[in-house]
Amino acid sequence: IEADKLELSLTEFEFERMLRRTVNVFEFRVAEKKQTLTVRMEPDIPLRIISDEQRLSQVITNLLGNAVKFTPDGGSIAIAVRKLTESPCTLEVRVTDTGIGIAPAQQAGLFRSFQQVDGSISRKFGGTGLGLAISKRILEMMNGTIRIESDTGKGAVFIFTIPVDVPVELPAVRAVKAERSSEHVPADDFTGRRILLAEDVAINREIVIAILSPLGLEIEEAADGQIAVDTFSANPEAWDLIFMDIHMPGMDGYEAARLIRALDHPRAKTVPIIAMTANAFKEDIEKCLAAGMDGHIGKPIDFNEVTGFLKKYFLR
Ligand code: ADP
């Protein structure tokens with residue numbers, strides 16, 4: 001980067017999908033630190049944009065990584081995306097945390113290479129002091145900007161803006177695409193089947209709901225394991241299948257599955273419970289099965305994996 005050898009690689013991609021993938025990587029660390037991570041996207045953000053997907057994701061990764069790192073356990077981190085101008089389309093991304101913050105006098109220097117607030121930072125938190133310098137360079141190449149709003153002990157907000165190209169997409173094109181994508185909705189009818197969805201991250205719930213609701217399924221959301229157990233046990237007969245996230249603050253998915261299986265009701269023993277987790281190592285899957293779950297789908301969530309389980313359990 002210092003030698004100005006960095007070149008952008010522009011492609012057309014789905015902004016929200018890139019954001020989802022980037023955020024998902026932090027799910028585990030956020031859960032470990034019992035932090036909450038929320039993502040808010042204004043509805044007028046274009047579906048597809050033209051930019052350097054990988055580099056944009058790298059900037060968000062740097063900012064999110066810092067937010068998680070410099071925010072104590074139990075704190076919160078929020079990402080908010082909005083459109084600042086229409087044409088050219090400028091997006092603004094804010095990463096807000098409730099962490100240790102940065103004194104105004106220190107802020108400008110942080111975008112220089114190898115700069116950290118003070119020497120104790122690298123001993124306590126690790127890191128190289130390169131992330132922000134790299135992020136700034138990338139954004140400048142994209143004609144974007146980055147700034148900080150923060151003070152010691154007050155948390156930090158990193159705000160960056162980038163102009164992006166939006167591929168011309170006439171409304172008719174969108175309609176055709178929507179129709180086409182409904183082609184892979186199976187003719188199978190799942191109408192009226194009731195799903196309990198235990199997942200703490202709102203954007204992940206939205207993805208599953210976006211996949212399931214066009215198939216006629218009814219979905220009840222539970223934001224953690226305890227709520228899932230309570231919702232199930234209030235009326236065990238009501239549920240046809242449970243999708244269970246593993247890493248949730250409070251009660252995790254393993255424990256929630258165990259508690260449901262241990263309930264004194266016949267349905268508690270038979271209701272299919274499918275784990276949803278980004279960790280798909282053999283041990284993780286075995287742990288899910290050992291906790292009484294019936295299967296596992298990976299994250300990012302894949303349409304065919306989800307519908308595969310629906311077919312398996314509902315079309316027998
Ligand atoms: P690194 O995180 O590897 O040290 P960065 O360039 O990403 O390098 O960050 C430089 C420094 O800026 C950090 O060491 C830290 O002192 C400060 N910093 C960055 N983000 C935050 C944040 N969200 N809250 C508090 N301090 C931060």
Side-chain angles (χ1 to χ4, degrees), residues 1-6 8 18-41 51-82 91-162 200-203 249:
I1 290 185
E2 299 267 286
D4 281 329
K5 291 272 166 62
L6 185 72
L8 293 180
M18 178 280 298
L19 184 63
R20 219 162 54 210
R21 281 212 202 102
T22 312
V23 170
N24 271 345
V25 172
F26 289 91
E27 190 191 11
F28 189 73
R29 238 189 301 164
V30 164
E32 247 180 359
K33 293 190 77 173
K34 304 198 175 358
Q35 295 167 332
T36 52
L37 172 59
T38 54
V39 180
R40 215 187 58 221
M41 267 185 65
S51 185
D52 186 325
E53 178 172 17
Q54 203 192 334
R55 298 251 154 66
L56 193 53
S57 169
Q58 186 183 348
V59 171
I60 298 170
T61 299
N62 287 343
L63 298 182
L64 258 179
N66 282 341
V68 173
K69 181 159 83 168
F70 295 109
T71 299
D73 288 10
S76 19
I77 293 146
I79 305 177
V81 188
R82 61 179 178 139
L91 299 182
E92 181 199 75
V93 179
R94 290 177 166 250
V95 180
T96 307
D97 66 53
T98 58
I100 62 173
I102 309 156
Q106 309 275 5
Q107 291 173 9
L110 291 182
F111 294 105
R112 286 198 290 271
S113 301
F114 305 111
Q115 199 82 25
Q116 299 184 319
V117 163
D118 66 54
S120 68
I121 292 280
S122 61
R123 284 194 298 278
K124 189 161 171 212
F125 297 98
T128 55
L130 278 174
L132 290 176
I134 292 175
S135 300
K136 184 159 193 249
R137 287 294 186 94
I138 291 174
L139 291 168
E140 278 170 353
M141 282 193 68
M142 295 173 164
N143 296 320
T145 63
I146 182 162
R147 64 178 208 276
I148 313 179
E149 287 172 7
S150 180
D151 207 340
T152 317
K154 300 248 168 73
V157 192
F158 282 83
I159 304 147
F160 75 81
T161 64
I162 40 155
D200 60 313
V201 180
I203 197 165

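All residue numbers in this chain count up from 1 along the given sequence. Both counts, for ligands and for their atoms, begin at 1 and track the order of listing. Values in this document were obtained by computation on a predicted structure and should not be read as measured data. Note: hydrogens, waters and symmetry copies are ignored here, and every other heavy atom, side chains too, is used.
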**Q** Leu37 and side chain to side chain contact (heavy atoms under 4.5 Å, CB included): which single residue from Leu64, Asp97, Val68, Asp200 fits?
**A**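 Going through the options one by one, the only one that passes is Leu64.
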
**Q** Using a strict 4.0 Å cut-off to heavy atoms of Leu130, name the atoms of ligand 1 that fall inside it.
**A**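 Selected atoms, number and element: 6 (O), 8 (O).
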
**Q** Between Glu32 and Lys34, does any NZ, NE, NH1 or NH2 come within less than 4.0 Å of an OD or OE carboxylate oxygen?
**A**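 Glu32 and Lys34: not salt-bridged.
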
**Q** If you measure from each heavy atom of Leu110 to ligand 1, is any distance below 4.0 Å?
**A**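 In this structure, Leu110 qualifies as a contact of ligand 1 - some heavy atom is under 4.0 Å.
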
**Q** Indicate, as side chain, backbone, both or neither, the part of Leu132 found under 4.0 angstrom from ligand 1 when only non-hydrogen atoms are considered.
**A**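 Contact part for Leu132 vs ligand 1: both backbone and side chain.
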
**Q** Please find the pair of heavy atoms, one from Thr71 and one from Lys33, that lie closest to each other, and give the distance.
**A**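 Looking at all heavy atoms of both residues, the shortest contact is O-NZ, 2.8 Å.
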
**Q** Taking atom CZ of Arg40 and atom CD1 of Ile203, what is their separation to the nearest 0.5 Å?
**A**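 Here the interatomic distance stands at 12.5 Å.
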
**Q** Among Phe158, Phe111, Phe70, which residue places a heavy atom closest to atom 25 (C) of ligand 1?
**A**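 It is Phe70 that holds the nearest heavy atom.
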
**Q** For atom 7 (O) of ligand 1, tell me which residue out of Asn66, Leu64, Thr152 has the closest non-hydrogen atom.
**A**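 Nearest heavy atom to atom 7 (O) of ligand 1 lies in Asn66.
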
**Q** Looking only at distances, can you tell me whether any N or O atom of Gly131, backbone or side chain, sits closer than 3.5 Å to an N or O atom of ligand 1?
**A**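 Looking only at distances, the answer is yes, because the N/O contact criterion of under 3.5 Å is met.
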
**Q** Can you name the atoms of ligand 1, numbered from 1 with element, that are less than 4.0 Å from a heavy atom of Lys69?
**A**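 In order of numbering, the contacting atoms are 1 (P), 2 (O), 3 (O).
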
**Q** Quick one: salt bridge (Lys or Arg N to Asp or Glu O under 4.0 Å) partners of Arg21, sequence neighbours excluded?
**A**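 Scan of Arg21 (salt bridge (Lys or Arg N to Asp or Glu O under 4.0 Å), adjacent residues dropped) gives Glu53.
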
**Q** Show the atoms of ligand 1 that are less than 4.0 angstrom away from any heavy atom in Asp97.
**A**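 Reading through ligand 1 atom by atom, the close ones are 22 (C), 23 (N).
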
**Q** For Glu140, check salt bridge (Lys or Arg N to Asp or Glu O under 4.0 Å) against everything at least two apart and list the hits.
**A**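 Once residues adjacent in sequence are excluded, the partners of Glu140 under the salt bridge (Lys or Arg N to Asp or Glu O under 4.0 Å) criterion are Lys136.
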
